[in-house]
Colleague: 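Please find one structure pasted underneath; my questions will follow.
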Amino acid sequence: MRRHAAHFALTSALSLATMSLAPACFAQEVKRTELGRSPVSGVEGKEIVVQLVEIPPGAASRRHFHNGEEAFYVLEGGTVQVPGKEAKERPAGEHGINKREVPHAGYTVVGDKPLKILSVYVVDTGKPLQVPVP
């Protein structure tokens with residue numbers, strides 16, 4: 001009977017430890033939905049890619065660059081934080097252009113609202129859309 005009780009206690013403790021780690025283990029990831037892709041008319045070796053980028057709270061948009069230009073528009077705003085810096089709002093309607101091979105992002109969405117961005121890329125055909133950087 002003692003052996004049964006010890007086994008039950010150990011199993012219960014491991015289950016509780018596993019459940020307490022579950023949020024970290026199941027952290028949400030950035031979701032990229034490709035909405036379209038097409039060669040650029042009259043320009044050899046370039047294509048246009050349109051994506052919806054959804055970053056849920058707790059997910060990180062890792063630092064990266066593109067093999068081309070990215071124009072973005074924030075559809076649904078949220079709060080982001082770069083390590084070691086103050087949290088910053090990314091409001092709906094914010095827009096900009098990320099230049100070729102210039103690293104950007106490197107933030108985590110904080111708070112309770114996901115960040116949704118429409119991105120349009122004009123990039124080199126056949127090269128990775130995103131290249132991670134440290």
Side-chain angles (χ1 to χ4, degrees):
M1 186 66 171
R2 280 188 184 207
R3 183 180 240 171
H4 238 341
H7 178 66
F8 177 77
L10 179 60
T11 303
S12 296
L14 288 173
S15 294
L16 285 173
T18 301
M19 286 190 310
S20 69
L21 294 174
C25 294
F26 298 108
Q28 294 191 20
E29 295 294 322
V30 175
K31 179 181 176 187
R32 296 178 178 277
T33 304
E34 189 171 303
L35 303 174
R37 182 181 294 253
S38 179
V40 175
S41 301
V43 180
E44 189 73 26
K46 302 285 184 210
E47 64 182 343
I48 298 173
V49 180
V50 180
Q51 277 190 348
L52 175 62
V53 182
E54 299 172 272
I55 311 169
S61 177
R62 293 187 169 72
R63 198 156 166 74
H64 63 276
F65 69 82
H66 304 285
N67 289 301
E69 309 284 319
E70 172 193 23
F72 68 87
Y73 183 86
V74 177
L75 298 169
E76 292 182 26
T79 306
V80 301
Q81 187 166 28
V82 174
K85 297 195 177 183
E86 293 290 321
K88 174 187 168 203
E89 288 297 313
R90 301 273 322 262
E94 179 182 72
H95 55 88
I97 296 175
N98 291 315
K99 300 288 184 185
R100 170 185 287 278
E101 297 181 6
V102 174
H104 57 277
Y107 57 78
T108 299
V109 173
V110 296
D112 60 353
K113 295 189 309 187
L115 183 61
K116 293 185 182 179
I117 302 170
L118 179 67
S119 287
V120 178
Y121 308 89
V122 178
V123 293
D124 301 334
T125 304
K127 287 191 177 178
L129 185 62
Q130 254 186 270
V131 178
V133 296

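Everything quoted here is computed from the prediction, not taken from an experiment.
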Colleague: V133 and V82: same hydrophobic cluster, using ILVMFWY side-chain contacts below 4.5 Å?
Modeller: no
Colleague: Quick one: closest heavy-atom pair of S61 and A105, and the distance?
Modeller: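 In this case the closest contact between S61 and A105 is OG-CB, 3.4 Å.
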Colleague: How close do P56 and V109 get, heavy atom to heavy atom, and via which atoms?
Modeller: O-CB, 3.6 Å
Colleague: How about CD on E34, more than 12 heavy atoms from neighbouring residues, nucleotides or ligands closer than 6.0 Å, or not?
Modeller: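 More than 12 within 6.0 Å, yes.
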Colleague: With a 4.5 Å cut-off on side-chain heavy atoms, are R100 and H66 touching?
Modeller: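 With C-beta onward as the side chain, the pair stays apart.
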Colleague: Might you point out which heavy atoms bring V30 and A60 nearest each other, and give the distance in Å?
Modeller: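 Taking every non-hydrogen atom into account, CG2-O, 3.3 Å.
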Colleague: Does the side chain of R62 reach to within under 4.5 Å of the side chain of P132, using non-hydrogen atoms?
Modeller: no
Colleague: What heavy-atom pair brings E47 and G126 nearest, and what distance separates the two atoms?
Modeller: OE2-N, 4.2 Å
Colleague: If you round to the nearest 0.5 Å, how far is NZ of K88 from CD of Q81?
Modeller: 12.5 Å
Colleague: In sequence, state the C-alpha distance, the side-chain angles, and the governing distance for H104 and F72, and then conclude on side-chain contact (heavy atoms from CB on, under 4.5 Å).
Modeller: CA-CA 12 Å; H104 57 277; F72 68 87; over 6 Å; no
Colleague: Once you round to the nearest 0.5 Å, how far does CD of Q51 lie from CG of L118?
Modeller: 9.5 Å
Colleague: Apply side-chain contact (heavy atoms from CB on, under 4.5 Å) to residues V43 and V122 and explain how you reach the verdict.
Modeller: CA-CA 11 Å; V43 180; V122 178; over 6 Å; no
Colleague: Determine the minimum heavy-atom distance between E101 and P103, stating which atoms define it.
Modeller: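 Looking at all heavy atoms of both residues, the shortest contact is O-CD, 3.5 Å.
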Colleague: When you look at H64 and V131, which way does the side-chain contact (heavy atoms from CB on, under 4.5 Å) test go after all the steps?
Modeller: CA-CA 5 Å; H64 63 276; V131 178; 5.9 Å; no
Colleague: What's the separation between atom CG in L129 and atom CZ in R32, rounded to the nearest 0.5 Å?
Modeller: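 Between atom CG of L129 and atom CZ of R32 there are 7.0 Å.
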Colleague: Would you say V40 and Y121 are hydrophobically clustered, going by side-chain heavy atoms of ILVMFWY under 4.5 Å?
Modeller: no
Colleague: Honestly curious: do V102 and V49 fall in one hydrophobic cluster under the side-chain, below-4.5 Å linking rule?
Modeller: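 Each belongs to a different hydrophobic cluster.
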Colleague: Near R63 CZ, under 6.0 Å, is it more than 12 heavy atoms from other residues, nucleotides or ligands?
Modeller: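 Enclosed.
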Colleague: Are any non-hydrogen side-chain atoms of P128 and N67 less than 4.5 angstrom apart?
Modeller: yes
Colleague: From E54 CD over to E29 CD, what is the distance, rounded to the nearest 0.5 angstrom?
Modeller: 13.5 Å
Colleague: Using 0.5 Å steps for rounding, measure from the OG1 atom of T125 to the CD atom of E44.
Modeller: 8.0 Å
Colleague: Between CD of E76 and CG of L115, what distance do you get to the nearest 0.5 Å?
Modeller: 9.0 Å
Colleague: For residues E69 and I97, report the shortest heavy-atom separation together with the two atoms involved.
Modeller: OE1-CG2, 3.8 Å
Colleague: Is Y73 reachable from I117 through a run of I, L, V, M, F, W or Y residues, each pair having side-chain heavy atoms under 4.5 Å apart?
Modeller: no
Colleague: Are V53 and V50 connected in the hydrophobic side-chain network, where two residues link if heavy atoms are under 4.5 Å apart?
Modeller: no
